[in-house]
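Take a look at the structure below.
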Amino acid sequence: MVWVKHDYDDIPGTYVFGGRRSAQGYPINKMCMSFNHDENRQKFKKDPRAYCAKFGLSEEQTQAVIDEDWLRIVQLGGNVYYLAKLGIAGGGGTVQSMGAQMTGMTVDEFKAKLLAYQKD
Amino acid sequence: MVWVKHDYDDIPGTYVFGGRRSAQGYPINKMCMSFNHDENRQKFKKDPRAYCAKFGLSEEQTQAVIDEDWLRIVQLGGNVYYLAKLGIAGGGGTVQSMGAQMTGMTVDEFKAKLLAYQKD
Amino acid sequence: MAQIVGGITTSHIPSIGNAITNKQQDDPYWRPLFDGYDRAREWIEKVEPDIVVVVYNDHGLNFFLDKMPTFAIGAAPKYHNADEGWGLATLHSFDGDVEFSWHLIEQMIPAGIDLTICQEMLIDHGFIVPMSAIWSHLPEWPVKAVPFAVNTVLMPVPTAQRCFDVGKELGKAIASYPEDKKVVIFGTGGMSHQLSGERAGFINKAFDREFQEKIANDPESLCKLSHTELIKLAGAEGIELIMWLVMRGALGKSVNVVHQNYELPISNTGSGIMVLEPA
Amino acid sequence: MAQIVGGITTSHIPSIGNAITNKQQDDPYWRPLFDGYDRAREWIEKVEPDIVVVVYNDHGLNFFLDKMPTFAIGAAPKYHNADEGWGLATLHSFDGDVEFSWHLIEQMIPAGIDLTICQEMLIDHGFIVPMSAIWSHLPEWPVKAVPFAVNTVLMPVPTAQRCFDVGKELGKAIASYPEDKKVVIFGTGGMSHQLSGERAGFINKAFDREFQEKIANDPESLCKLSHTELIKLAGAEGIELIMWLVMRGALGKSVNVVHQNYELPISNTGSGIMVLEPA
Ligand SMILES: [Fe+3]
Ligand SMILES: [Fe+3]
């Protein structure tokens, strides 16, 4: 049992999505795939904990999902492309509100940070 | 609209399964895939014509399926790996009984033909 | 014979799709971006392509981690869009050109490109946002399409060099189709952006500008970028830029830049629209 | 470091699976075939592999024509068998070695092998019949597995040469795994057979015998066979023999033949079991 190390593992603030993360986060991401269907988004909203259990999320993963703690979810193997299905159509957020939360900013601060790149 | 010709198109008695056949036979083969589940095999048996319609088989394809005319089904785009699901678990035959029918032999004649290769 | 009349690079950011749906093209925030698409549309109306080959990545509509192809190509009569949970309007379906798709497949697989052949394929925002940016004013898509999906989601994604080489084979395959067809290739995705982690919201304008210059005039140098370098320079999701190299490989040795613009930020992203013609 | 201790060639004919389920191994029809598997089992009990890499084709359990990969590899913790409509008993699941699978993937994709990565994967008779022929006497499979699926169903299937080259990369990837593991590679499918058309029931004993000799001693010559030649010589489904070349490519330059037999007809097919060791 050897997870081979990669040079992309050490990029600060960056969780590159490869085998190790994908294996760990498989239940989270599979659950998110189900949110391509609105009836599943509604089922999740009615009882998030039961819905997570159906897909085999760990307790830690379940809690992070219920808390909408995006950084923690990513650290536990969630991939942002699948998470967006939970955060947008599922939760009423945007990719920007998710990014803002992960960087500890308000959405306005996050937008201002993005705008600032114009001056580079 | 150009189907490019292949040198494998002219091997006698042989229907090589490529793009053209696969496009034509897609509904047949997709229906056969559903026979991985026994409840679908039972549904098919109850009303073959209605079941074929659900998958969009043409009238000619439907008739060939109902007749279990294997050679005709192959000529209309069926692939033997998928057809086996219809012919074996679906219809109680074997790959040999399907082969025998396609060559116009009884199963015993077909087996004798196969045995004869031992002498080559 | 079929002929590649040009290539278009573009992001495929979902918020562009929403701006189109909400008719915000003339809002001050959006106008500069849509100016770029207006130039691309003028060009495309002049060259009148019959077929578009769209190099894109799926974000979880047609593919999931259960079966993730490195390169996948469509060979379906119809490509449907559908709800992908990103809050986007579902757009109308694209017609495929089944015989053309199969010709590409029959050239590329024997050339050692290990494609996944898709006879049913849902197309997500990665494909349809660029189409919409060009043709949302029409009641129907005026071209047939071949979706060409690249894994940019799950490492190891194909190398930049492999993408360029695959593009070369794609170009040869298109050029050898025996019918007269005009083909435009879209290289979508990028430019620099990162959607998750403490580094979310990273953009690199200097890198994007350099990438635009090199994709036209020195694509071989971009092929040398490792994934780690690309992620450092362009952000985790900036890795999508490898798809521009598939398009560029297909265009051949040298190109003329017909149009180019660059805007940031579009949502979280640096956006570079380019129109390239084989020189 | 991991080490390839050998390779096994075998058909994966469903009727062999039924013969095992029905305990017919000692029937006069079946005894000669199972003698071959007994020799393979003796060898495998001596070398005691930790992992098997099984090169096989799916016949419509995990893959369909909607998304048909040229090469697909498993990276799942469990591989389940299931009803595939061929009237076979459903056998127990295989354990995967997730880290080992990912190591292969992370070596092969950057080397330009465009794999489809499968983190869920059902295994059909193409995979499980050979396993059953070796280990049906045990209550559990004594090895972990990596399924390696090759498209042999839908043309264009990969060329013989490409299969051999992919095998070489597979061999290099296995040899570079940092943990001590003994690996056996199964090349399944074939030999000559044709299941449909007026030519159904075609077998070519002379060709099969020659193929067995050359897979050991001159695999490069087999790489030159075109698909049309292979289908003419080995029957439409005999094209499965390209999978033996993946296995052979992984074994390296030269091999010793530890065991070899040939029986026909097994169902509609010429059956050749071989045990090869890297020389
Ligand atoms: Fe994207
Ligand atoms: Fe087979």
Side-chain angles (χ1 to χ4, degrees), chain B residues 6-19 21-23 25-26 29-30 32-38 40-41 70-71 73-75 78-90 92 94-96 98-105 110-111 113-120, chain D residues 13-15 18 29 57-66 68 82-88 122 124-126 152-157 192-209 226-232 235-237 239 263-270:
Chain B
H6 305 95
D7 52 2
Y8 59 64
D9 290 333
D10 300 319
I11 304 172
T14 303
Y15 303 83
V16 177
F17 190 72
R21 286 188 194 288
S22 184
Y26 200 83
N29 295 314
K30 189 168 179 178
C32 287
M33 274 298 281
S34 79
F35 298 143
N36 285 358
H37 302 281
D38 190 53
N40 292 330
R41 301 194 286 256
W70 300 117
L71 188 60
I73 302 176
V74 166
Q75 288 164 344
N79 174 283
V80 68
Y81 291 131
Y82 307 113
L83 297 182
K85 301 168 192 292
L86 173 63
I88 300 174
T94 63
V95 170
Q96 289 194 326
M98 293 166 74
Q101 193 213 61
M102 284 189 266
T103 54
M105 296 182 192
F110 190 71
K111 284 186 177 175
K113 170 191 145 124
L114 286 161
L115 266 173
Y117 283 111
Q118 287 182 341
K119 293 181 214 114
D120 275 7
Chain D
I13 308 163
S15 64
N18 282 328
Y29 174 79
N57 68 295
D58 181 272
H59 305 72
L61 179 64
N62 196 64
F63 298 114
F64 178 58
L65 303 170
D66 60 334
M68 181 61 85
D83 185 353
E84 47 177 311
W86 286 59
L88 291 158
L122 294 173
D124 82 340
H125 72 263
T152 62
V153 173
L154 173 65
M155 295 292 267
V157 307
S192 62
H193 66 304
Q194 176 152 337
L195 300 180
S196 75
E198 295 89 341
R199 195 178 174 235
F202 171 82
I203 294 180
N204 187 342
K205 185 176 169 181
F207 174 79
D208 286 347
R209 289 302 215 168
S226 73
H227 293 150
T228 301
E229 286 169 315
L230 247 175
I231 292 168
K232 281 182 182 163
E237 280 71 36
I239 194 98
E263 296 296 328
L264 80 77
I266 303 300
S267 186
N268 294 12
T269 306

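Order of the sequence lines sets the chain letters (A, B, ...), proteins ahead of strands, with each chain counted from 1.
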Query raised in the report: Using non-hydrogen atoms only, which part of D:E263 is less than 4.5 Å away from chain B: side chain, backbone, both, or neither?
Result: neither

Query raised in the report: Is there a side-chain contact between D:H227 and B:V16, using heavy atoms and a 4.5 Å cut-off?
Result: no

Requested in this report: Tell me, for D:Y29 versus chain B, whether the close heavy atoms (under 4.5 Å) come from the side chain, the backbone, both or neither.
Outcome: neither

Requested in this report: Show your working on side chain to side chain contact (heavy atoms under 4.5 Å, CB included) between D:D66 and B:M33 and close with a plain yes or no.
Outcome: CA-CA 11 Å; D:D66 60 334; B:M33 274 298 281; over 6 Å; no

Query raised in the report: When heavy-atom pairs shorter than 4.5 Å are enumerated against chain D, which of B:G87, B:G78, B:G18 gives the highest number?
Result: B:G18

Query raised in the report: Rounded to the nearest 0.5 Å, how far apart are OG of D:S196 and CH2 of B:W70?
Result: 11.5 Å

Query raised in the report: Taking the side chain from B:N36 and the backbone from D:A82, do they hold a donor-acceptor pair closer than 3.5 Å?
Result: no

Query raised in the report: How long is the gap from CE on D:M155 to OH on B:Y8, to the nearest 0.5 Å?
Result: 5.0 Å

Query raised in the report: Does a sphere of radius 6.0 Å around NZ in D:K232 hold more than 12 heavy atoms from other residues, nucleotides or ligands, not counting ones at 6.0 Å or beyond?
Result: no

Report summary line: The interface call for B:L115 against chain D, heavy-atom contacts under 4.5 Å, is both

Query raised in the report: What distance do D:N268 atom CG and B:M98 atom CE have between them, rounded to the nearest 0.5 Å?
Result: 10.5 Å

**Report entry** Structural part of B:K30 lying under 4.5 Å from a heavy atom of chain D
**Finding:** both

**Report entry** Verdict with supporting geometry, D:E237 and B:V80, side chain to side chain contact (heavy atoms under 4.5 Å, CB included)
**Finding:** CA-CA 10 Å; D:E237 280 71 36; B:V80 68; 3.6 Å; yes

Query raised in the report: In Å and rounded to the nearest 0.5 Å, what is the NE2 to CD distance from B:H37 to D:E84?
Result: 12.0 Å

Query raised in the report: Using a cut-off of under 4.5 Å for heavy-atom pairs, which of D:G201, D:P156, D:G235, D:A236 has the most such pairs with chain B?
Result: D:G201

Query raised in the report: What part of B:R21 lies closer than 4.5 angstrom to a heavy atom of chain D: side chain, backbone, both or neither?
Result: neither

Query raised in the report: Does D:K205 reach the main-chain N or O of B:Q118 with its side chain, forming a donor-acceptor pair under 3.5 Å?
Result: yes

Report summary line: For D:E198 and B:T103 the tightest heavy-atom approach is O-CG2, 3.4 Å

Requested in this report: Quick one: pull up NE2 in B:H6 and OG1 in D:T228 and give me the separation to the nearest 0.5 Å.
Outcome: 9.0 Å

Report summary line: Turns out that what part of B:V95 lies under 4.5 Å from chain D's heavy atoms comes down to both

Query raised in the report: Given a strict heavy-atom distance threshold of 4.5 Å, which part of D:Q194 is in contact with chain B: side chain, backbone, both, or neither?
Result: side chain

Query raised in the report: What option among B:N79, B:N40, B:T14 has the most heavy-atom pairs under 4.5 Å with chain D?
Result: B:T14

Query raised in the report: With respect to chain D, which residue among B:D10, B:L71, B:V74, B:D38 yields the maximal number of heavy-atom pairs within a distance under 4.5 Å?
Result: B:L71

**Report entry** Reported CG-to-CZ distance for the pair B:L114 and D:F202, which is rounded to 0.5 angstrom
**Finding:** 11.5 Å

Query raised in the report: Where do D:G87 and B:A89 come nearest, in terms of heavy atoms and distance?
Result: N-CB, 4.2 Å

Query - Under 4.5 Å from a heavy atom of chain B, the part of D:I239 involved - result: neither

Query - Under 4.5 Å from any heavy atom of chain D - which part of B:F110 - result: side chain

Query raised in the report: With a 4.5 angstrom heavy-atom cut-off, which part of B:Q101 approaches chain D: side chain, backbone, both or neither?
Result: neither

Query raised in the report: Ring centres of D:F64 and B:Y81 under 6.0 Å apart?
Result: no

Requested in this report: Could you look at D:H59 and say if it's the side chain, the backbone, both or neither that has a heavy atom under 4.5 Å from chain B?
Outcome: both

Query raised in the report: Any side-chain heavy atom of D:S267 sitting closer than 4.5 Å to one from B:Q96?
Result: yes

Requested in this report: Report the option among D:I231, D:V153, D:L61 that has the most heavy-atom pairs separated by less than 4.5 Å from atoms of chain B.
Outcome: D:V153

